[in-house]
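Side-chain atoms are counted along with the backbone in the values below, which use heavy atoms only and exclude waters and symmetry mates. These figures come from a predicted structure and were not determined experimentally.
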Amino acid sequence: MIPFVDLKTQYEAIRHEIEPEVLRVLASGSYVLGPDVAAFEKEFAQYSGSNEGVALNSGTSALHLALLAAGVGEGDEVITTAFTFVATVAAIGYCNARPVLVDIDPQSYTIDPALIERAITPRTKAILPVHLYGQTADMDPILEIAKGRGIPVIEDAAQAHGAEYNGRRAGSMGAMGCFSFYPGKNLGAYGEGGLVTTNDASLLRTLRMLRDWGAEKKYAHELKGYNYRMEALQGAILRVKLRHLEEWTNARIAHAARYAEKLDPAVSPPRTMPWARHVFHVYAIRARDRAAMEKSLAGRQIQTGIHYPIPIHLLPAWSDLGHQRGDFPHAEKAADEVLSLPMYPEMRSEDVDRVADAVNKAAHE
Ligand SMILES: *Cc1c(COP(=O)(O)O)cnc(C)c1O
């Protein structure tokens with residue numbers, strides 16, 4: 001059996017580094033924020049090409065606080081993609097603002113910058129591109145449109161730790177970058193975690209206050225805040241894992257190259273755009289008869305995933321946006337066709353070959 005992801009094998013490889021850290025934190029008597037989290041913030045910000053980081057309890061919290069810090073509130077609009085994980089738009093909803101959806105570029109699966117301009121209204125308070133599957137959106141045209149109108153760009157980099165756009169790291173290009181450390185992400189905690197990167201001292205102060213009940217000094221609550229703090233254990237664990245991230249990312253990139261070499265072009269292997277260091281959080285192909293492809297691979301003991309089977313505008317939870325089928329045709333076609341193949345650093349090249357062979361056979365069944 002080739003699993004879709006394998007977190008246990010990775011744990012076995014690093015448990016001798018992780019376990020002493022966990023025991024040290026447990027014995028320290030200090031369990032929320034603290035020195036390990038502060039050190040992780042510095043180290044992860046540096047890794048991501050930003051000055052500062054604010055560590056949180058999830059990627060969704062990162063998006064929520066970044067939007068609030070950008071001033072998004074009741075009645076405002078935030079432009080984002082119709083093809084993403086629901087957390088992106090949920091965070092906009094938490095601010096009582098409205099997600100304004102835009103279709104994707106079918107090659108990159110990321111927001112099509114050419115469609116952003118016409119989505120802007122006087123209520124647009126932020127643009128929220130998503131670096132889907134580990135590849136950044138086409139940021140230069142997005143930043144240019146935003147700059148001309150004074151609209152902040154917030155990056156959803158939850159799938160894009162270490163990804164690059166023309167040499168710039170994901171999360172370092174907009175006003176803020178939002179990361180998730182959900183266990184299955186390229187850098188995963190052993191529990192929940194998230195972080196916002198920024199270079200702006202004023203945003204930094206607001207983000208720090210918002211995550212800790214809106215107070216800089218204990219009990220002096222200046223803002224209506226939240227309990228979104230990162231746990232000390234996760235900070236200590238993520239510091240250890242961050243030291244391995246480049247090696248793991250390069251393994252993903254090597255597996256993707258091997259897949260691309262072996263796979264039949266008829267299954268549309270993912271395209272690495274000219275601007276990208278693609279970090280392959282997800283390796284998605286396309287299958288016109290996806291159900292048959294899934295079934296055939298399952299029959300050969302290969303697990304797959306679908307990211308994502310329903311675009312945002314067709315989700316029952318977001319029917320109040322008033323969209324219908326046909327509104328975002330590229331997102332709809334992607335949702336119908338994409339199939340994610342096994343992808344994790346610890347895969348062996350024999351595993352990649354076995355998956356590729358099975359996909360090629362299924363494509364001609
Ligand atoms: C995982 C993910 C999130 C949410 O992160 P959590 O840590 O699970 O809250 C947001 N956006 C995208 C694109 C994601 O993949």
Side-chain angles (χ1 to χ4, degrees), residues 45 48-54 59 62-84 87-105 108-132 135-160 163-179 195-204 206-207 273-276 312 321 328 330-331:
S48 301
S50 292
N51 293 344
E52 303 283 353
V54 179
L63 290 162
H64 183 194
L65 294 196
L67 290 163
L68 288 176
V72 174
E74 178 101 48
D76 291 332
E77 295 176 353
V78 176
I79 294 174
T80 193
T81 165
F83 192 55
T84 181
T88 312
V89 289
I92 299 168
Y94 295 171
C95 302
N96 298 309
R98 178 186 165 85
V100 173
L101 303 178
V102 167
D103 208 355
I104 53 167
D105 165 58
S108 68
Y109 299 103
T110 54
I111 192 167
D112 183 347
L115 303 174
I116 291 178
E117 192 105 43
R118 74 189 70 152
I120 294 176
T121 77
R123 296 184 160 202
T124 308
K125 264 292 174 63
I127 302 176
L128 180 50
V130 179
H131 304 321
L132 202 75
Q135 173 158 258
T136 69
D138 186 5
M139 290 300 289
D140 276 342
I142 297 171
L143 292 166
E144 196 172 304
I145 295 164
K147 195 173 170 200
R149 298 163 187 264
I151 301 170
V153 174
I154 298 168
E155 297 169 66
D156 184 339
Q159 303 187 359
E164 290 178 8
Y165 179 81
N166 292 330
R168 296 150 80 193
R169 285 261 155 124
S172 73
M173 294 172 275
M176 288 167 274
C178 303
F179 290 88
L195 182 141
V196 181
T197 49
T198 188
N199 292 334
D200 183 306
S202 153
L203 290 174
L204 178 69
T206 304
L207 291 163
M273 304 307 283
W275 60 72
I312 299 297
L321 294 179
F328 305 107
H330 293 305

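No side-chain heavy atom of Ile111 sits under 4.5 Å from any side-chain heavy atom of Phe83. You'll find the side chain of Asp76 stays beyond 4.5 Å of the side chain of Leu67, heavy atoms only. Between Asp103 and Asp112 there is no side-chain heavy-atom pair separated by less than 4.5 Å. Between Met176 and Leu207 the shortest side-chain heavy-atom distance falls below 4.5 Å. Side-chain contact between Leu101 and Val89 is present, with heavy atoms from C-beta onward closer than 4.5 Å. Arg168 has its side chain within reach of Asp140: a pair of non-hydrogen atoms, C-beta onward, lies under 4.5 Å apart. With a 4.5 Å cut-off on side-chain heavy atoms, Leu132 and Thr81 do not count as touching.
Here the CG atom belonging to Leu115 is positioned 9.5 Å from the CG atom belonging to Asp105, to the nearest 0.5 angstrom. Glu164 contributes atom CD, which lies 14.5 Å from atom CH2 of Trp275 (distance to the nearest 0.5 angstrom). Separation of atoms CG (Leu195) and CD (Glu52) is listed at 10.5 Å; rounding is to 0.5 Å. Taking CD1 from Ile116 and CD from Glu144, the interatomic distance works out to 12.0 Å, rounded to the nearest 0.5 Å.
The two residues Pro129 and Ile154 have their closest heavy-atom pair at CD-O, 3.1 Å. Considering all non-hydrogen atoms of both residues, Thr124 and Ala119 come closest at OG1-O, 4.1 Å. Between Thr198 and Ala175, the shortest heavy-atom distance links the atoms OG1-O, 3.0 Å. Contact between Ala137 and Ile142 at its shortest, heavy atoms only, is CB-CD1, 4.0 Å. The heavy-atom pair separating Cys178 from Ala62 by the smallest distance is SG-O, 3.6 Å. When all heavy atoms are compared, the tightest approach of Leu68 to Cys95 is CD2-SG, 3.8 Å.
Under 3.5 Å, the side chains of Ser48 and Ser50 contain no donor-acceptor pair of N or O atoms.
Of the possible donor and acceptor atoms, none in the side chain of Tyr94 sits under 3.5 Å from a partner among the backbone N and O of Leu65. Side-chain atoms of Thr136 do not come within 3.5 Å of backbone N or O of Ala276 as any donor-acceptor pair. At distances below 3.5 Å, at least one donor-acceptor pair connects side-chain atoms of Glu155 with backbone N or O atoms of Gly174. With hydrogens and angles disregarded, a donor-acceptor distance shorter than 3.5 Å links the side chain of Asp156 to the backbone of Ala158.
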One pair to check against side chain to side chain contact (heavy atoms under 4.5 Å, CB included): Arg149 and Glu117. What are the steps and the verdict? CA-CA 10 Å; Arg149 298 163 187 264; Glu117 192 105 43; 2.4 Å; yes
Checking side chain to side chain contact (heavy atoms under 4.5 Å, CB included) for the pair Thr110/Asp138: CA distance, chi angles, key distance, verdict? CA-CA 8 Å; Thr110 54; Asp138 186 5; 5.6 Å; no
For a side chain to side chain contact (heavy atoms under 4.5 Å, CB included) check, start with the C-alpha distance between Arg169 and Thr197, then their side-chain angles and the critical distance, and finish with the verdict. CA-CA 11 Å; Arg169 285 261 155 124; Thr197 49; over 6 Å; no
